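Here is the naming used below: chain letters follow the sequence lines, and residue numbers restart at 1 for every chain. What's counted below: heavy atoms across the whole structure, side chains too, no hydrogens, waters or symmetry copies. None of these values were measured; they are calculated from a predicted model.
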Amino acid sequence: MIFPFSRYKIVGHSMSPTLKPGQTVWVFQWAYLFSKPQAGEVVVFEKEGKEMVKRITEVRDNAITVVGDNKVDSLEVGSVPVRNIVGRVLG
Amino acid sequence: MKFFTGLFQPKVAYAHCDVPCGIYDPHNAQMAAHTVLRMTKMIEDLKNEDEKKFVHQLSRLQKVKEEHAELLKSEVRIIWGDYFKAENYQDLPLLHEKVFKIMKLASKVRQEVNLEACNELMSATLEFAEIFYKSKGLEPVRVKSPYPTEGELVIYK
């Protein structure tokens with residue numbers, strides 16, 4: 001996490017129409033160094049060795065619950081430890 | 001410059017659970033088929049009275065037609081590739097043939113302004129939706145769509 005920003009290409013439909021497949025986004029990796037994640041924010045996080053992008057629906061002490069915007073194509077991934085968040089999607 | 005380009009090469013962020021989650025729906029493919037049909041009809045109805053307006057509107061219609069034909073292909077590919085399993089293929093021998101037909105027709109409707117091909121694509125997409133619902137043990141039913149195309153949609157009982 002040397003650099004505050006990194007770029008990600010979206011693969012899949014679970015965040016449509018907010019993020020479309022093939023779209024490139026910037027991710028602010030220092031977003032939660034001094035503040036806590038908030039419900040409604042779109043984040044990239046690591047889950048079972050893969051980096052995924054979803055929207056936060058709930059924030060608890062050390063974990064978040066995330067879900068995709070496209071309910072047709074998305075499963076609630078469930079609880080994700082805050083330490084597994086890569087960063088917040090900008091824009 | 002190369003250093004910075006390399007530094008910010010995009011990584012992949014998956015916007016699908018890929019568990020696989022088992023949540024698949026042919027509705028988006030059907031909507032895309034309706035959109036392609038609608039765009040094609042609108043292109044055919046365009047009147048070239050003002051060249052600038054004509055070119056502008058044609059560009060917009062063409063763009064949406066292209067995008068939705070590609071979206072249709074993508075939606076069908078995901079269901080075909082991720083949802084259907086080998087046991088489905090034995091029960092549904094027409095599946096590959098239907099998907100292949102959809103891929104070819106979706107390309108054809110991009111390449112041409114062809115209402116006949118659009119209607120064929122619509123039929124094939126509805127039949128694909130019926131195959132999908134049947135594979136889940138659901139009874140598919142065709143209803144009149146609420147869209148200006150006045151075509152049908154496949155849902156299930």
Is it the case that one hydrophobic cluster holds both [X] and [Y], taking links as side-chain heavy atoms less than 4.5 Å apart, direct or via other members?
X         : Y         : result
Val80(A)  : Val12(B)  : yes
Met39(B)  : Met31(B)  : no
Ile79(B)  : Ile155(B) : no
Ile43(B)  : Val55(B)  : yes
Leu153(B) : Tyr156(B) : no

Exercise for the section: Determine the minimum heavy-atom distance between Pro10(B) and Tyr8(A), stating which atoms define it. Expected result: CB-C, 4.1 Å
Problem - Asp45(B) CG: over 12 foreign heavy atoms closer than 6.0 Å - result: yes
Handout entry: Residue-level contacts of residues 67-77 of chain B with chain A, using a heavy-atom cutoff under 4.5 Å
Key = Leu71(B), Ser74(B), Glu75(B)
